[in-house]
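Here the structure comes first, spelled out in structure tokens, and everything after it is commentary.
Below, read A as the first sequence line, B as the second, and so on, with proteins coming before strands; counting in each chain starts at 1. None of the values given here were measured: they were computed from a predicted structure.
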Amino acid sequence: MDVDRNYNPKSIEPKWQTRWEQDGLYHADIDPSRPKHYALTMLPYPSGDLHIGHWYAMVPSDARARFMRMRGYNVLFPIGFDAFGLPAENAAIQRGIHPKEWTYANIARMRVQLKSMGAMFDWRREAISSDPKYYKWTQWFFVKLYEHDLAYQKEGMVDWCPTCNTTLAREQVWGEDRHCERCGTPVIRKNLKQWFFRITRYADELLDFSHIDWPERVIASQTNWIKRSEGAMVIFRTEAGEAMEVFTTRPDTLWGATFMVLAPEHPLVEKVTTAEQKALVEDYVYQALRQSDIQREAVDKEKTGVFTGGYAINPVNQARIPIWIADYVVMTYGTGAIMAVPAHDKRDFDFALKYGLPILPVIAHPDQLVKSRVLFESVEAGFEDGLRDHQIPFEKQTTAWNITIPYHKIDAYLHLAQTSVRSGHWVEIVGAQWVFVFPHHIMTWDSVESGEQIFARMCALKPEVRQWRTLMEMLWSEEFYRDALYHHAYGTMINSGELTGTPGEEAVKRVIAWLEEKGIGESKVSYRLRDWLISRQRYWGAPIPIVYCPNCGVVPVPLEDLPVLLPDDVEWLPTGESPLKLHPTWKYTQCPHCGAEAERETDTMDTFMCSSWYHLRYLSPDYDQGPFDQKEYDYWMPVDTYTGGVEHANMHLIYTRFFHKAGRDMGIMRGPEPMLQLRNQGIILGEDSEKMSKSRGNVVAPDELVDNYGADTVRAYLMFFARWDQGGPWNSSGIEGTARWIRRVWNLFTEEAQPGRPAEALLRQLRRKVHQTLKQVTHDFEHFEFNTIVSALMELLNTMYDAREQGACGTPAWHEALDIYLRMMAPLTPHIAEELWQRLGKPYSIHQQPWPIVDEAATQEELITLVVQVNGRVRDRVMVPANIDEQAAKQMALDSPAVQRNLAGKTPRSVIYVPGKLVNIVV
RNA sequence: GGGGCGGUGGCGGAACAGGCAGACGCAGGGGACUUAAAAUCCUCCGGUGGCAACACCUUGUGGGUUCGAUUCCCACCCGCCCCACCA
């Protein structure tokens with residue numbers, strides 16, 4: 001019977017898992033004597049099978065949590081299930097299983113799979129969001145939010161998925177064709193009464209990341225999502241005198257407005273449209289709405305629009321400008337109306353061009369001015385000198401000069417270009433919209449000459465200009481647009497009445513002050529973030545605890561009546577209505593206030609609501625006096641380390657921050673943020689480098705891997721095969737290397753070896769390697785660099801095999817190496833570490849041992865390889881004592897035969913010495 | 001269009017307060033042990049030239065700074081991801 005001799009994960013893994021569970025080894029309880037560490041990994045949705053991606057997210061999180069525990073922290077590492085949601089209901093419709101049954105069967109199965117991972121989850125704290133004891137408190141939070149005016153009801157257009165039969169949050173609508181995140185069906189828009197949370201009230205605070213250590217990409221993504229724009233609200237008036245509010249980030253360009261654009265659904269459209277234009281406008285509005293109703297084709301995004309026949313008066317200069325409608329203006333941002341400044345905005349420009357609307361005047365010109373690029377081959381002698389003479393800054397590149405021309409030197413430069421640029425080529429001037437230089441012909445475009453006139457002249461000069469569909473297309477191409485208008489757009493104001501001459505840096509501020517003084521506008525901040533729509537017309541979710549009473553109106557269900565239980569007996573009919581609405585009795589109830597016959601809200605809550613506070617439910621999943629036990633909260637919160645997928649950046653990770661801040665303001669939670677440190681893992685792709693999916697047949701099944709290799713090997717491989725934060729394609733042969741490592745560890749620890757009489761140096765070397773590895777592994781654990789932990793351990797193992805070969809067995813250094821090795825392995829591969837620990841005769845459990853301490857002195861090298869370079873090229877390497885002094889090192893280098901050969905008699909000009917590293921001889 | 005991430009051998013990846021590029025592993029070649037296989041062990045393994053010592057080239061491209069650049073700076077190319085008529 002060799003079961004004992006050979007590495008057999010199938011016997012040791014279940015054995016230890018059972019033992020740990022029996023002993024409650026991973027129970028985390030309040031212990032004020034130790035520092036706490038709340039390690040949280042995103043809870044899974046119980047889809048039925050634990051995916052390799054779950055392992056990839058959770059295993060390193062577990063290893064990190066275990067590491068923190070060994071470092072003396074009281075570590076809480078809980079798990080649960082985000083159990084409400086659409087797939088359960090879809091399964092019900094497709095297979096006739098009750099969502100509850102489907103969900104709980106999946107949970108039972110995934111629990112077993114999760115346990116096979118050998119993670120240190122404290123299962124006593126498991127929380128399942130679809131349990132009444134959980135969603136009771138989700139509903140409680142809803143009522144609290146309602147009481148604090150953070151939840152409100154609003155009728156409005158919502159995105160609706162016709163397949164899932166439910167409203168979607170904006171974040172759940174994807175792609176240019178606006179399809180449903182889950183099923184891919186293009187969404188339609190519906191007018192419904194819906195519940196919202198006032199997340200926008202927290203927009204500014206959500207933009208403040210100063211209290212948290214989160215990845216740059218998540219911060220960037222959230223910042224972009226919330227998108228704060230500062231600008232002005234300006235009141236234009238229609239000719240009839242009706243106010244028409246416009247939001248702009250560029251009030252300094254007000255004088256350049258040549259037309260106005262309303263969103264097709266804007267309420268003023270009807271009022272400004274003239275009789276002649278009525279038919280046209282109505283047709284366009286109908287088309288636009290139909291488009292969003294049926295399906296927005298991805299196709300080309302050429303702007304379309306129609307003239308309403310109405311005019312507005314620009315309050316800054318009384319200019320009378322036409323009002324158009326166009327679908328490039330959306331009702332949901334700003335005011336749904338814009339002033340169009342074609343000279344300074346690409347979109348307005350495109351639109352003006354297409355419909356022949358005026359483009360000028362330009363009302364700011366760049367202060368920094370012009371960049372020019374001139375090819376070497378195009379110039380005569382003297383050009384470069386000329387640049388120097390005029391003190392025009394330039395940079396000489398491989399094939400061209402890049403020249404930056406200060407505004408006041410433009411004339412000098414134009415003259416220079418005229419005289420020294422060879423004919424047949426042209427000098428491109430980028431960055432100034434009104435200057436073009438052709439060989440020997442320089443033209444300027446100012447507000448007098450029209451684009452058509454310039455185009456005609458240019459065509460005459462240079463026939464190929466004709467091939468551009470329009471001059472404008474060329475003008476606005478690439479650098480022209482990028483440099484000139486948009487980025488350098490803040491320039492000295494021109495053509496702007498009494499504000500002409502205002503410098504670019506102050507333009508916006510001054511114009512706003514001026515507008516406020518005149519009473520025609522005011523400073524205003526806009527956000528892209530919208531309030532969070534939480535109503536779902538579905539069954540499998542937490543019912544919104546609201547009752548509609550004919551007498552009292554909207555009445556929240558009293559806290560003592562919670563939870564509003566989901567009925568079990570529902571039918572799924574493809575009606576598009578919530579099954580709760582169709583239930584014969586459920587919705588009928590009495591008003592909690594007056595006792596009158598009343599009806600319940602039949603919508604349920606977005607599951608992101610449930611997952612916004614699960615980290616709190618973990619603290620006390622059975623607690624019935626509140627959403628969580630205050631004692632637990634005080635000890636454990638906030639979450640110290642949160643791990644999970646970056647795809648939640650704009651949804652869950654914003655919602656949960658909002659939830660926390662709202663809770664804080666309601667006096668329920670405390671502190672600025674719920675999760676202090678966030679780390680994201682990458683995505684594992686299939687072996688074909690494609691996203692894993694059943695239809696592609698490239699899915700890696702963790703159960704199968706565990707069956708073949710054991711959980712420890714799978715764990716180690718997941719940490720080793722790629723950078724954790726990056727992920728990458730799976731490689732099924734790669735796991736062999738990790739399996740080999742585990743077996744070699746096993747063999748080293750279990751084989752009989754003869755103690756020898758090793759040299760002192762060998763043992764010092766062994767200790768050095770052990771402590772160097774420990775130092776690195778400690779560092780890497782702290783920084784979530786798991787792949788190098790495994791490779792460092794592999795390296796150390798190789799060293800230990802060599803040392804054993806040379807008789808290191810039986811010595812104190814050897815025993816120390818074995819001891820430290822297992823402690824370092826324990827977080828990564830908990831089962832084999834425990835097994836070998838026991839076999840060494842050490843006390844149970846290795847997972848209760850402290851993390852070893854680095855012996856700094858032992859890590860110091862005695863001998864180093866001194867690299868000897870001549871002119872920066874490596875010519876020799878010499879072994880020298882680590883403490884060699886500069887003099888000796890340099891001498892050693894100069895004496896090297898290889899150096900002598902390479903010097904070839906030349907005298908060194910200088911000798912550079914980098915202590916402990918190298919000597920570089922410069923000749 | 002905006003934002004983010006990345007580009008190093010056949011592959012995954014190491015090394016970046018500037019100092020031996022390619023750790024560790026996979027795949028591959030050669031060998032040992034086996035009747036054989038598995039397992040294990042030894043050995044080679046970026047490219048070109050050379051019997052060899054050795055030389056030259058090589059971290060997406062082109063420049064720059066430096067005694068010295070995968071690492072810092074400038075310009076560009078390519079790939080992936082997220083957001084997007086957001087005024």
**OP:** Test ring pair (Phe, Tyr, Trp, His ring centres under 6.0 Å) on Y355(A) and W324(A) and set out the steps.
**Re:** CA-CA 10 Å; Y355(A) 292 103; W324(A) 284 61; 5.1 Å; yes
Original post:
Taking the side chain of A220(A) as heavy atoms from C-beta outward, which of G12(B), G3(B), G25(B) is closest to it?
Top reply: G3(B)
**OP:** Could you tell me whether E805(A) atom CD has more than 12 heavy atoms of other residues or ligands within 6.0 Å of it?
**Re:** no
Original post:
Is any side-chain N or O of N787(A) closer than 4.0 Å to OP1 or OP2 of A14(B)?
Top reply: yes
Original post:
For the ring pair F259(A) and F351(A), is the centre-to-centre distance below 6.0 Å?
Top reply: yes
Original post:
Is NZ or CZ of R528(A) both nearer than 6.0 Å to the six-membered ring centre of W225(A) and within 45° of the ring axis?
Top reply: yes
Original post:
Counting side-chain heavy atoms from C-beta on, which of G13(B), C20(B), C24(B) comes nearest to V867(A)?
Top reply: C20(B)
**OP:** Give a yes/no on whether any side-chain N or O of S229(A) is located under 4.0 angstrom from OP1 or OP2 of A87(B).
**Re:** yes
**OP:** Could you check how far OH of Y527(A) sits from C1' of A87(B), rounded to whole Å?
**Re:** 17 Å
**OP:** Quick one: look up who G9(B) pairs with, Watson-Crick or G-U, both distances under 3.5 Å, and put none if it's unpaired.
**Re:** none
Subject >> Nucleic acid footprint by protein, nucleotides 41-59 of chain B - heavy-atom cut-off 4.0 Å, B for base, S for sugar-phosphate alone >> reply: S------------SSSS--
Subject >> Base C5(B) to side chain R217(A), donor-acceptor N/O within 3.5 Å cut-off >> reply: no
**OP:** Choose from U40(B), G12(B), A27(B) the nucleotide whose nearest atom is closest to any side-chain atom of F721(A).
**Re:** G12(B)
Would you tabulate the nitrogen or oxygen pairs shorter than 3.5 Å linking the protein to nucleotides 66-73 of chain B?
from	atom 1	to	atom 2	distance (Å)
C67(B)	O2	N920(A)	ND2	2.3

Original post:
Can you tell me how far P of G2(B) sits from NZ of K227(A), to the nearest Å?
Top reply: 11 Å
Subject >> Taking every non-hydrogen atom, the tightest pair across A792(A) and T773(A) >> reply: O-CG2, 3.7 Å
**OP:** Answer syn or anti for G9(B), where the cut-off is 90° from 0 on the glycosidic torsion.
**Re:** syn
**OP:** Tell me yes or no: between the side chains of Y7(A) and T750(A), is some donor less than 3.5 Å from an acceptor?
**Re:** no
Original post:
Would the Y717(A) and W730(A) ring centres measure less than 6.0 Å apart?
Top reply: yes
**OP:** Using a heavy-atom cut-off of under 4.0 Å over every strand shown, decide if F247(A) touches base, sugar-phosphate, or nothing.
**Re:** base
Enumerate, atom names and distances included, each donor-acceptor pair closer than 3.5 Å involving a side-chain atom of residues 793-803 of chain A, sequence neighbours excluded.
from	atom 1	to	atom 2	distance (Å)
E795(A)	OE2	K769(A)	NZ	3.0
N798(A)	OD1	R744(A)	NH2	2.6
T799(A)	OG1	E795(A)	O	3.2
Y801(A)	OH	R744(A)	O	2.8
Y801(A)	OH	L748(A)	N	3.4

**OP:** Using the P atoms only, state how far C76(B) lies from G3(B), rounded to an integer number of Å.
**Re:** 14 Å
Original post:
Atom CG of N798(A) and atom P of U40(B): how far apart are they, to the nearest Å?
Top reply: 13 Å
**OP:** Write down the distance between NZ (K917(A)) and P (C16(B)), rounded to a whole number of angstrom.
**Re:** 9 Å
Original post:
Which nucleotide, G25(B), A87(B), A14(B), lies nearest any side-chain atom of R723(A)?
Top reply: A14(B)
Original post:
Is K524(A) salt-bridged to E522(A), cutoff N-O under 4.0 Å?
Top reply: no
Original post:
What is the distance, rounded to the nearest whole Å, between atom CG of L796(A) and atom P of A14(B)?
Top reply: 20 Å
Original post:
Should we say atom NZ of K354(A) is surrounded by more than 12 heavy atoms from elsewhere, each under 6.0 Å from it?
Top reply: yes
